[in-house]
Number of protein chains: 2
Amino acid sequence: MLSFRNNALENLISTLSRFPGVGRKTAQRLAVHILKKPEFGAELVQAVERVRQEVHQCRRCFNLAEGEYCQICADEKRDQHQICVVEDVVDLFAVESSQEYRGVYHVLGGVISPLAGVRPGDLKIEELIRRVHSENTAELLLALNPTTEGEATMIYISRLLSDSAVKITRIASGIPLGSNLEYIDAATIGRAIQTRRDL
Amino acid sequence: MLSFRNNALENLISTLSRFPGVGRKTAQRLAVHILKKPEFGAELVQAVERVRQEVHQCRRCFNLAEGEYCQICADEKRDQHQICVVEDVVDLFAVESSQEYRGVYHVLGGVISPLAGVRPGDLKIEELIRRVHSENTAELLLALNPTTEGEATMIYISRLLSDSAVKITRIASGIPLGSNLEYIDAATIGRAIQTRRDL
């Protein structure tokens, strides 16, 4: 790989490769695109500056927001007594894209992971518990990723609320629609059998 | 997909999705990363601004350059009488990464493609022909992508130079190293057989 040490292009390539999922080769391609389209580079700079100035965290649910509260919290048509707990904003986007959920959210900012040094205090768990109590929440839908850390975090949250009247649910794990049993891992199939439903 | 119409985040996501190979979902992920790491956003803006100011086209070979000439043209250890013709800067990076080539380059900026409306005059072909004559070039190594358009462009260039003494070569097409014949398309295998070498 050609290296452009100590210069502007090398600096841009190494900055771009700090994006999640962007390797050096992709970063090179992105950098060359920026150089080939001067107006694109200018618009990119403007767009980044603008979100840096205008976009903050919703003070209630920690989703991205342009005002004090995010679009979803501010939407009176959403059920304010149903809270969906997600790990990250991208997971909130994923849940929204299903168009199945009409409540509000709470973005934890991660999951408990002793190995990665993430402790409950590093997440918005305390804020969640306070919300559930003060907002008189009817249902808490835990939609964390079904990883070991996600499962542990769901159990941790449900224990903190064991003395509360809130109904705690979790999204189903199982075989993704349109996929083939043959290619699904044994743990997922095992879970799908355990949680089978009457037809 | 959640849409953030008329706001800063939506604007950043749609700007990022104009990068080649970046879809809406990846753009969302990149935008969220920019928002979650304020110092990263600032460094990205600086890095883009810096290349936009400092990086231009080499006036000889049209590679990216910080001065008047690119690092490769300015390097006296490179063979200035051997020119490798590539479609784009990313292809130049790919050839350099092989560490097999010690000559200089000429970046065409595309290939002739009547369907995409790219005509010879849109490329740096005239500049190439002038270089070959004025620089007393010994060898022109055509390293365009072996697509229909790339092949046609190589033939077009070689015809323009048919009255010149320059030796015109092209990089070999064939089976990539480490790959499996079973998975290689028939046209590539056919070409590899046609251009077989004595062992």
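Here is how names work: the chains are called A, B, and so on, in the same order as the sequence lines, proteins then strands, and each is numbered from 1.
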If you count heavy-atom pairs under 4.5 Å between each of A:Q99, A:R18, A:E54 and chain B, which one has the most?
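Highest number of pairs under 4.5 Å: A:R18.
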Note to self: Using a 4.5 angstrom heavy-atom cutoff, name the option from A:V89, A:L16, A:I34, A:L30 with the most pairs to chain B.
What the structure shows: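 When all of A:V89, A:L16, A:I34, A:L30 are compared, A:L30 has the most.
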*Can A:H106 and A:R131 be said to form a side-chain contact (heavy atoms from CB on, under 4.5 Å), step by step?*
CA-CA 9 Å; A:H106 190 90; A:R131 271 186 77 181; 3.1 Å; yes
I'd like to know if [X] pairs up with [Y] as an ion pair, taking the criterion as any Lys NZ or Arg NE/NH1/NH2 lying under 4.0 Å from an Asp or Glu carboxylate oxygen.
{"X": "B:E135", "Y": "B:R130", "result": "no"}
{"X": "B:R102", "Y": "B:E96", "result": "no"}
{"X": "B:R24", "Y": "B:E10", "result": "yes"}

When you group the ILVMFWY residues by side-chain heavy-atom contacts below 4.5 Å and let the links chain together, are A:Y69 and A:Y105 in the same group?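 No.
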Is [X] close to chain B through its backbone or its side chain, or both, or neither, when contacts mean heavy atoms under 4.5 Å?
{"X": "A:E43", "answer": "both"}
{"X": "A:V48", "answer": "both"}
{"X": "A:A31", "answer": "neither"}
{"X": "A:K37", "answer": "neither"}

Part of [X] lying under 4.5 Å from any heavy atom of chain A:
{"X": "B:V51", "result": "both"}
{"X": "B:A94", "result": "neither"}
{"X": "B:L35", "result": "side chain"}
{"X": "B:V22", "result": "side chain"}

**Study point:** Any donor-acceptor N or O pair under 3.5 Å, side chains B:Q82, B:T137
**Key:**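 There is no such pair (donor and acceptor under 3.5 Å, judged by atom type) between the side chains of B:Q82 and B:T137.
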_Distance-only side-chain donor-acceptor flag, A:Q80 / A:R60, under 3.5 Å_ =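 Side chains of A:Q80 and A:R60: pair found under 3.5 Å.
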